[in-house]
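Below you'll find the structure, written out as structure tokens, and then a few comments.
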Amino acid sequence: MALEIYNTLSRKKEEFVPVHSDRIGLYVCGPTVYGDAHVGHAKAYIMGDIVNRYLRFRYPERKVTYVQNITDVGHMTDNDDVAGEDKLQKQSAKEKKHPMEVAAFYTRRFYEDMSALNVLRADIEPLATGHITEQIELIKKLIEKGFAYEVDGNVYFDVSKDHDYGKLSGRKTEDQEASGRVEARSDKRSPNDFALWKRVDAGHILRWPSPWGDGFPGWHIECSAMSMKYLGETIDIHGGGLENQFPHHECEIAQSESVTGKPFVKYWMHNNMVTTGGVKMGKSLGNSAMLRDLFKEYDPLSLRFTLLQSHYRGTTEFTTEAISASETGYKYLLRSYHKLKDVVGDAELPEFNSLDTPQNQSIRDIVGLFKEALDDDFNTPGAIAVLFNSLAPMTNNILAAGMSEAGPKYLAVWNALAGNVLGILPTQDATQTDASGTLSSVVQLAVRWRKQARERRDFAMSDTIRKELDEAGIILEDSKEGTTWRMK
RNA sequence: GGCGCCGUGGCCAAGUAGUAAGGCAGAGCUCUGCAAAAGCUCCAUUCCCCGGUGCAAAUCCGGGCGGCGCCUCCA
């Protein structure tokens with residue numbers, strides 16, 4: 001059984017064979033930080049997170065290094081060198097802040113949102129502005145090798161010098177030229193050429209000195225520079241949103257491979273869009289659901305769960321109804337997990353890896369199905385189905401049968417699969433925030449009073465207590481063993 | 001105009017040749033003072049339509065209809 005990844009380069013699933021025997025390099029294009037993150041960002045970075053988590057789970061013997069950049073250079077909202085607006089500069093004018101202040105502000109908020117979604121931080125989170133030197137060095141090499149040319153303070157990559165340009169997106173430069181698209185006035189030799197370095201005018205705040213005068217780097221060069229600096233000339237996996245396939249990733253390949261003469265990336269992964277009403281959710285379309293707003297209504301982890309219930313390469317139709325629906329299913333899984341956790345208590349858990357023995361056949365089966373799903377190009381909906389079909393029912397059986405020796409084993413399985421790999425288990429629960437036990441004591445008191453009412457068959461009082469606790473966010477459940485409570 | 005993707009039950013959504021996962025919603029039952037939880041059962045003879053190739057197709061090929069993305073910043 002091997003991990004298979006759909007590689008955009010070949011347009012098919014390929015067996016994952018790491019470039020190096022001892023390590024794996026993963027790079028995912030990070031956000032441009034001039035606004036808050038929306039559901040589309042969540043889908044992209046949760047995908048990156050799943051790849052990161054699963055690689056670590058599946059290849060414990062290899063060092064996985066995950067790099068995700070922050071684009072804190074504004075770039076242009078228009079291809080025209082003159083008329084283009086710098087997104088960060090525009091936002092900074094609006095907020096009356098220095099562009100770097102805007103970038104820092106939204107960077108923090110981005111990480112806050114991602115943490116709420118239980119997206120693990122990358123090992124290296126380089127800033128584009130922190131790697132201007134590296135980018136300039138790369139551009140110098142491209143000029144030396146004849147792949148780039150300077151015109152009046154601007155440096156462009158000469159696409160005609162790169163013979164396999166277009167191999168990722170399947171585009172031919174001739175077709176693009178034939179498109180009749182209106183090209184803005186430019187000093188490029190060809191409309192397909194793209195900027196490596198841009199000259200700035202007097203009013204531009206974010207600027208750096210370079211051999212070609214004051215300016216700032218082109219959008220694509222940062223990823224090449226930072227990827228190669230931290231992960232080497234050929235990395236295993238590079239991921240990002242589908243809309244970055246062209247031109248961004250195509251340009252990254254062109255720049256990087258022209259300099260090194262080696263393959264830049266072995267496996268390219270692209271996640272599809274989040275749609276609403278069948279239409280792409282996008283920053284510029286104004287139909288984005290911002291994560292911060294959603295977090296007020298929904299548990300961030302149930303949002304994560306919702307996104308994991310569709311495949312990363314398919315579109316995800318996003319509606320509040322869709323989150324509500326999957327939230328119900330998600331809570332079912334959590335109840336099973338929490339009950340098990342309560343029963344196991346402080347008992348020591350076995351090492352997850354020690355459970356892979358013939359004596360634990362049912363666990364082996366569950367883990368096998370789970371891995372089979374994720375091995376198939378990170379099929380998270382399939383992995384979640386295993387939780388619904390096997391892990392939760394098995395857990396409920398154990399709880400019903402009171403099989404205490406199986407408890408810790410299964411809890412270790414929950415922690416590994418649902419916790420470490422899928423990241424859908426809460427990292428902190430109500431019992432931890434109630435460390436002093438105050439809430440618990442009070443609820444226990446109410447439960448005792450209600451028990452007395454029930455014993456004298458005063459069901460009106462019993463139901464009132466339950467109803468009022470429910471309104472306060474506490475749910476009571478009666479069973480043969482007594483009454484248990486939990487937070488809504 | 002070029003490149004590419006998608007169309008599966010009321011909703012969401014897996015499945016790329018071997019006879020339709022899963023979740024939500026819905027129906028019934030068990031348990032129960034009631035409720036909840038949990039469990040059991042039912043819920044697509046069929047995968048947009050029409051042809052074709054296979055012993056076999058939701059899955060491959062051709063045509064049609066419908067929807068979407070990229071080609072300009074966007075996850």
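By convention in this document, chain letters (A, B, ...) are assigned in the order of the sequence lines, proteins followed by strands, and residues within each chain are numbered from 1.
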Does B/A21 have a Watson-Crick or wobble mate here (both distances under 3.5 Å), and if so which one? none

Rounded off to whole Å, could you give me the NZ-to-P distance for the A/K12 and B/C60 pair? 15 Å

Salt bridge (Lys or Arg N to Asp or Glu O under 4.0 Å) with A/D49: which of A/R304, A/K43, A/R121? A/R304

How far, in whole Å, is B/G33 from B/A25 if one measures between their P atoms? 26 Å

Any base atoms under 4.0 Å from A/K467, or only sugar-phosphate, or nothing? Heavy atoms, all strands. nothing

Whole-Å P distance, B/G4 and B/C61: 14 Å

Work out how far the C1' atom of B/C47 is from that of B/U72, and round it to whole angstrom. 38 Å

Between the base of B/G22 and the ring of A/F388 - centre-to-centre under 5.5 Å, planes within under 30° - is that a stack? no

B/G54 glycosidic torsion: syn (within 90° of 0) vs anti: syn

Between A/T315 and A/N272, do the side chains contain an N or O donor and an N or O acceptor separated by less than 3.5 Å? no

Mind checking if A/R456 touches a base, just sugar-phosphate, or nothing, with heavy atoms under 4.0 Å? nothing

Look at all strands and tell whether A/L387 reaches a base, only sugar-phosphate, or nothing, counting heavy atoms closer than 4.0 Å. nothing

Under-4.0 Å side-chain N/O to phosphate OP1/OP2 contact, A/N272 with B/C6: no

How close or far is atom C1' of B/A14 from atom CD1 of A/I384, stated in whole angstroms? 11 Å

Would you say B/G39 has OP1 or OP2 under 4.0 Å from some side-chain N or O of A/Y332? yes

Is A/R335 paired with A/E477 through a side-chain N to carboxylate O contact shorter than 4.0 Å? no

Complement of B/G9, any strand, by Watson-Crick or G-U distances under 3.5 angstrom: none

So does A/S462 get a backbone contact from the side chain of A/R450, meaning a donor-acceptor N/O pair under 3.5 Å? yes

Expressed in angstrom and rounded to an integer, what is the separation of A/K43 atom NZ from B/G69 atom P? 15 Å

Integer-rounded Å distance: B/C3 C1' and A/L242 CG: 12 Å

Closest nucleotide of RNA chain B for A/R457 versus for A/E243: which of these residues is on the 5' side? A/R457

Using a 4.0 Å heavy-atom cut-off, does A/G241 contact any base of the nucleic acid, only the sugar-phosphate backbone, or nothing at all? sugar-phosphate

Any side-chain donor near an acceptor of the partner, A/D72 and A/Y106, under 3.5 Å: no

Suppose you measure atom P in B/G28 against the same atom in B/C43; what distance do you get, rounded to whole Å? 15 Å

I'd like to know if the side chain of A/S310 and the backbone of A/T306 have a donor-acceptor N/O pair within less than 3.5 Å. no

Pick the P atom in B/C60 and in B/U8, then give their distance to the nearest Å. 15 Å

Complementary nucleotide of B/G51, counting Watson-Crick and G-U pairs under 3.5 Å: B/C61

Parallel, tilted or perpendicular: which describes the rings of A/Y267 and A/F16, with under 30° parallel and over 60° perpendicular? tilted

Say whether, by atom type as modelled, one donor and one acceptor occur between the side chain of A/T316 and the main chain of A/F318 under 3.5 angstrom. no

A/Y156 six-ring face occupied by A/R189 cation (under 6.0 Å, within 45°): no

Spell out yes or no: do the side chain of A/R313 and the base of B/C5 have one donor N/O and one acceptor N/O closer than 3.5 Å? no

For B/C70, which nucleotide in any strand shown is its Watson-Crick or wobble partner with both distances under 3.5 Å? B/G2

Winner on side-chain proximity to A/Q309, out of B/G22, B/C3, B/A37, is B/G22

Watson-Crick/G-U partner (both atom distances under 3.5 Å) of B/G26: B/C42

Measuring only between side-chain heavy atoms, which start at C-beta, is A/H238 closer than 4.5 Å to A/H249? yes

Indicate, with yes or no, if the rings of A/Y230 and A/H131 have centres closer together than 6.0 Å. yes

Out of B/A13, B/A38, B/A21, whichever nucleotide has its closest atom nearest the side chain of A/R335: B/A38

Distance in angstrom units between A/Y6 OH and B/G4 P, rounded: 11 Å

Pairwise P distance for B/U46 and B/G9, with rounding to whole Å: 13 Å

Quick check on RNA chain B: between A/S462 and A/M273, whose nearest nucleotide comes earlier from the 5' end? A/S462

Under 4.0 Å between a side-chain N/O of A/R466 and OP1 or OP2 of B/A36, yes or no? no

Check every atom of B/G4, B/C73, B/G15 against the side chain of A/N379 and return the nucleotide holding the closest atom. B/G15

Students often get this wrong, so: under 4.0 angstrom with heavy atoms, is A/D478 touching a base, only sugar-phosphate, or nothing? base

To the nearest angstrom, the CD-P distance between A/E321 and B/A13 comes to 13 Å

Could you give the distance separating B/A44 and B/G22 at their C1' atoms, to the nearest angstrom? 15 Å

Just call it for A/D463: base, sugar-phosphate, or nothing, with non-hydrogen atoms closer than 4.0 Å on any strand. base

Reckon A/N389 touches a base, only the sugar-phosphate, or nothing at all at heavy-atom distances under 4.0 Å? sugar-phosphate

Is A/E317 touching bases, backbone alone, or none of the nucleic acid, heavy atoms closer than 4.0 Å? sugar-phosphate

Whole angstrom is fine here: how far is it from CG in A/N396 over to C1' in B/A38? 7 Å

Separation of B/G39 atom P from A/E477 atom CD, nearest Å, is 12 Å

Counting primed atoms plus P, OP1 and OP2 as sugar-phosphate and everything else as base, spell out the protein contacts along nucleotides 27-32 of chain B at 4.0 Å heavy-atom distance: B, S or - for each nucleotide, 5' to 3'. ------

Answer with base, sugar-phosphate or nothing: what part of the nucleic acid does A/A325 contact at a heavy-atom distance below 4.0 Å? sugar-phosphate

At under 4.0 Å between heavy atoms, what does A/H38 touch on the DNA or RNA strands: base, sugar-phosphate, or nothing? base

If the C1' atom of B/A56 is compared with that of B/G18, how far apart are they to the nearest Å? 6 Å

Residue A/T328, side-chain heavy atoms: nucleotide from B/C70, B/A25, B/A14 that is nearest: B/A25

Which of B/G69, B/A13, B/G33 is nearest the side chain of A/F459? It is B/G33

Both distances under 3.5 Å, Watson-Crick or G-U wobble: report the partner of B/G33, or none. none

So, for A/H204 and A/F216, is the gap between ring centers shorter than 6.0 Å? yes

So what does A/V274 touch, heavy atoms closer than 4.0 Å: a base, only the sugar-phosphate, or nothing? base

